[in-house]
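Quick one: the structure is below, and I'll ask about it shortly.
Only this structure's heavy atoms are used, side chains among them; waters, hydrogens and symmetry mates stay out. Please read these numbers as outputs of a predicted model, since none were measured by experiment.
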Amino acid sequence: MDNWEKRIQKTKIDKRMRELVRKNKKVRHKSIKRKKNDILPSDVYDFLQEVHFDDIPIKDRIAGKTKNGIVAIQIPEIFSITKNPEETIGILKKIYHYCGKDNIKRIVFDHRKCRELEIAASTIMDTIVMAGKMYRRNIGNELSVSGNFPIEPKCRKMFIASGLPAHLQLERDIVMRKDNVKLFALVAGKSGTVRSGTVSTHLTDYFDECLRTQDFKLSGKGRNIVSKMFGEVIENCEIHGGERSSWYVLGHFDLVDHNYGEVNLVIFNYGKTIYEQLIGHGTTKETKEKIEYMRKVHESQYDDTWTEEAMLTVFSLQKGISRLRDQQSEGNKKRGTGTFRMLEIFYTLGKSNTDLKPEFSITSGNTHILFDNRYRLADTTYGSEVLEIEKIKVIAFNENNNILEKADARNVTIMKKSFPGTIISMKFYIDRKYLETL
């Protein structure tokens, strides 16, 4: 019996949701306690409403005009921001739209055909559903959810342990072996909360726990590097996303066998896109000069596959690029290294001794960036006094690894659908045999 309502009565769903709102809940990872409304559902719903995230095609709007109050959402075969961004963002927009329609009483999520479930897509969906349920409860028009589990075993396990059943507190009622799964349960923050330091420490602990399954561990120096890396990435969400922004972190580790494990990690925020951050108020004079230089170089290269937004989003990934970077300020002269460090660690540690390949993507606004083996970090000299003169590592996503040339459209995609914020999605491996070769 795959249908959630056959496994778990609707009354249990509603009861769990009420408990989640009323009480403080302990998350699965040690030392991090989920406070009341830690998932910030009201903030999410209001922000998405402001940016018109419910703007969906007419055919989908018509499908939502249901007489029985039930609408079905078919989760695609590949529900992934990394591999299938356009369709996945379209599904997320549709879910948000239906959550806000008072004529819809129940949303049925059909995961049966899903054979690739990405933790980023799943987690963003969950925050939208939780925000929608909170909104509907606040206006006195409850929304219920039900659905079918994925048939594919790996997707099914991830969905139950780290997907909607977990976030609705239902996974305890589902029989599933969890002894080979390590979770970093959903943690949230928003602009001004200053939680990046604490969360990055616990996220480093989590990463170390995953490494220990393969008899490796972080050294003191390694812990410092990884913690700073996570800290800057999360801090970027806190201070760059705007006053209405909220951010989220979730991790899922599956010990596939004793030789390797798979880590799925997402860090994302609802708020300003990377492009909006760079061209907005508060960007330092140093960074503005670099942006203007890049604009002049690239303006003749723009077309349907290369826009100013895409160019500056790629530029933001390079070492030392940050809207707050200032060589004259002690606290800001080393900004712009967090995402770069994450790329270095991803490329260095995340491989497998088998043919499995890690996956990494950054999605912000209308820009989707895919990191793969086609283009890698490599030493490059910009050759411009406005940029850096010395040789540094760069990833420009083109044959010459030249940040002054347009990127390959296979790796930097201009999407028709936009995500209001930034998503960092990672899937990589902790492989004992591979780590032994380093």
Side-chain angles (χ1 to χ4, degrees), residues 26-32 82 116-120 123 153-163 166 171 176-187 197-234 249-267 337-360 371-373 376-377 424-438:
K26 292 182 179 180
V27 299
R28 299 175 189 81
H29 189 256
K30 63 182 180 181
S31 301
I32 301 180
T82 298
E116 285 194 47
L117 181 66
E118 179 198 48
I119 205 69
T123 305
K154 186 177 175 183
C155 290
R156 187 185 185 95
K157 185 198 297 187
M158 179 183 288
F159 178 67
I160 294 172
S162 299
E171 84 283 7
M176 186 196 76
R177 288 193 62 184
K178 303 174 185 176
D179 53 345
N180 60 345
V181 173
K182 290 183 179 294
L183 306 176
F184 188 87
L186 185 64
V187 178
T198 301
V199 175
S200 65
T201 298
H202 292 300
L203 195 53
T204 302
D205 292 340
Y206 174 72
F207 182 55
D208 196 39
E209 286 179 19
C210 296
L211 278 174
R212 288 173 186 269
T213 64
Q214 300 302 310
D215 298 326
F216 282 84
K217 65 178 181 179
L218 290 171
S219 65
K221 182 178 180 180
R223 287 186 61 84
N224 186 49
I225 292 172
V226 172
S227 183
K228 283 184 176 180
M229 172 194 76
F230 285 137
E232 184 171 339
V233 172
I234 297 171
V249 181
L250 184 141
H252 177 99
F253 173 80
D254 187 358
L255 185 61
V256 180
D257 61 32
H258 292 298
N259 293 316
Y260 77 95
E262 179 184 289
V263 181
N264 290 267
L265 179 67
V266 60
I267 301 173
T337 60
T339 305
F340 185 84
R341 280 178 176 161
M342 185 175 286
L343 288 175
E344 285 192 303
I345 291 175
F346 170 76
Y347 278 122
T348 303
L349 300 181
K351 296 178 183 178
S352 168
N353 211 37
T354 66
D355 58 354
L356 296 170
K357 293 181 174 56
E359 299 170 5
F360 187 107
F371 299 79
D372 56 21
N373 288 325
R376 303 290 302 276
L377 287 163
I424 299 177
S425 175
M426 304 177 70
K427 180 170 79 173
F428 59 96
Y429 301 93
I430 296 179
D431 185 322
R432 178 183 302 156
K433 291 182 178 179
Y434 172 72
L435 291 174
E436 288 172 347
T437 68
L438 294 180

- Separation of Met229 CE from Ser200 OG (nearest 0.5 Å): 9.5 Å

- Item | Minimum-distance pair of heavy atoms, taken over all atoms of Ala161 and Leu183 | O-CD1, 3.6 Å

- Could you check if a side-chain atom of Glu232 sits within less than 4.5 angstrom of a side-chain atom of Phe230, using non-hydrogen atoms only? no

- Message: For a quick test of reading the model, state the closest non-hydrogen atom pair linking Val187 to Phe184 and the distance between them.
- Response: CG2-CE2, 3.9 Å

- Please lay out, stage by stage, how Met158 and Asp254 fare under the test side-chain contact (heavy atoms from CB on, under 4.5 Å). CA-CA 9 Å; Met158 179 183 288; Asp254 187 358; over 6 Å; no

- Ion pair check, Asp372 and Lys357, cut-off under 4.0 Å: no

- Atom pair OG1 (Thr204) and CG (Leu211), whose distance is rounded to the nearest 0.5 Å: 11.0 Å

- Does the side chain of Glu262 come within less than 4.5 Å of Leu356's, by heavy atoms? no

- Message: Within the 4.5 Å heavy-atom criterion, are Val263 and Lys427 side-chain neighbours or not?
- Response: no

- Report yes if some heavy atom in the side chain of Tyr260 is under 4.5 Å from a heavy atom in the side chain of Asn353; otherwise report no. no

- Taking the side chain as every heavy atom from C-beta outward, state whether Asp431 and Lys351 have any atom pair closer than 4.5 Å. no

- Item | Nearest atoms (heavy-atom pairs only) where Arg432 meets Phe216 | O-CE1, 4.1 Å

- Counting distance only, does the side-chain N/O of Ser227 pair as donor-acceptor with the main-chain N or O of Asn224 below 3.5 Å? no

- Non-hydrogen atoms of Cys155 and Glu116 that approach each other most closely: SG-N, 3.6 Å

- Query: Measuring from Leu377:CG to Phe371:CZ, what's the distance to the nearest 0.5 Å?
  - Reply: 8.5 Å

- Task: Taking the side chain as every heavy atom from C-beta outward, state whether Leu265 and Leu203 have any pair of such atoms under 4.5 Å apart.
- Result: yes

- Residue pair Glu209 / Lys182: nearest heavy atoms and the distance that separates them: O-CE, 4.0 Å

- Message: Rounded to the nearest 0.5 Å, what separates atom CD1 in Ile225 from atom OG in Ser219?
- Response: 7.0 Å

- Query: Does any non-hydrogen side-chain atom of Asn259 lie less than 4.5 Å from one of Thr354?
  - Reply: no

- Message: Once rounded to the nearest 0.5 Å, what's the spacing between atom OG1 of Thr123 and atom CG of Leu250?
- Response: 4.0 Å

- Minimal heavy-atom distance between Gly251 and Tyr206, with the atoms involved, is C-OH, 3.4 Å

- Message: For Thr82 and Glu359, which I'm curious about, is there any donor-acceptor pair between the side chains at under 3.5 Å?
- Response: no

- Close side-chain approach of Leu117 and Arg156, heavy atoms under 4.5 Å: no

